[in-house]
Asker: 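Sending over a structure as structure tokens; questions will come in a sec.
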Amino acid sequence: MSKHQLGYIVFGLFTLIYVFGYLNLGWSLSYFIWGFVAWFLLILYGSFFIQTNYHLKALTKVKTNKKVVAITFDDGPSSYTKEVLDLLEKYNAKASFFCVGKNVAQEPELLKLIIEKGHLVGNHTYSHSKDIGFSWTKTVKAEIEKTDEAIEKYSGVKPAYFRPPFGVTNPRIARALNKTKHKVIGWNVRSLDTLIHDESKIYNRIIRQIHPGSIILLHDTSERSVKVLERLLIYLDSNNYRSVTVEGLLKETT
Ligand SMILES: [Zn+2]
């Protein structure tokens with residue numbers, strides 16, 4: 001049972017108790033409104049923060065005492081992916097790329113290169129629609145399956161891992177993933193590299209949050225992120241951290 005389903009049950013019980021109080025004890029309607037608002041805010045919070053595992057179980061970190069992290073890149077492949085791959089190679093790091101299906105169709109050679117270099121490729125939907133949170137289950141499922149097909153067509157590898165665009169989850173996305181059977185990967189270090197413009201701020205934000213077992217979210221879609229990545233790789237190197245794929249990180253669980 002998901003936390004969301006549990007929330008439904010708790011709200012249902014609350015409603016029953018309220019109806020009893022309203023009929024027998026003269027409770028004010030405002031009690032019910034406050035209860036409803038609290039429930040609604042809880043659902044919103046659970047939908048926008050993947051770490052809450054509210055609608056579905058997502059891996060957002062791994063419990064380990066080893067100095068190992070997983071760097072993940074969303075929204076590629078793009079014209080910056082090659083630079084990212086070169087840096088990862090230079091610092092002997094492995095990473096995970098959550099690719100957008102339509103970008104894979106445009107840059108199949110980059111997808112192949114990601115896999116050739118020993119990194120992991122995950123599914124990040126076909127069109128990365130801003131409306132994903134409002135899409136029907138069958139639309140979400142089709143977005144995931146079309147991306148799997150594109151990745152498999154060009155690389156021969158079917159992705160086992162999925163990351164929802166914007167980290168948004170809801171019951172429809174949960175139902176779609178129940179059918180496609182992907183494991184969901186979130187993060188516990190969000191760089192905000194697409195929102196913050198100052199590279200030092202992004203870098204400091206990341207290293208402040210790094211712990212053994214962290215999953216770090218970056219995007220292979222801008223020069224800014226490439227520069228932050230190099231600083232991050234230097235930091236990891238000098239602090240004896242290893243960077244592995246998400247799959248590699250799972251093997252480090254203690
Ligand atoms: Zn994304």
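Order of appearance sets the numbers: ligands from 1, and atoms from 1 within every ligand.
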Asker: Distances under 2.8 Å only: what protein N/O/S atoms are near the Zn ion (ligand 1), ordered by chain and residue?
Answerer: D75 OD1, H124 NE2, H128 NE2
Asker: For I216, run the side-chain contact (heavy atoms from CB on, under 4.5 Å) check against T72, L229, I206 and tell me which one passes.
Answerer: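 When side-chain contact (heavy atoms from CB on, under 4.5 Å) is applied between I216 and each of T72, L229, I206, only I206 qualifies.
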Asker: Ring centres of Y8 and W39 under 6.0 Å apart?
Answerer: yes
Asker: Can you measure from CD (E107) to CD1 (I114) and round to the nearest 0.5 angstrom?
Answerer: 10.0 Å
Asker: How long is the straight-line distance from OG1 of T60 back to CD1 of I185, given to the nearest 0.5 Å?
Answerer: 9.5 Å
Asker: Mind checking salt bridge (Lys or Arg N to Asp or Glu O under 4.0 Å) for R242 and listing every partner two or more places apart, or none if nothing turns up?
Answerer: E252
Asker: Between H124 and F97, is the gap from one ring center to the other below 6.0 Å?
Answerer: no
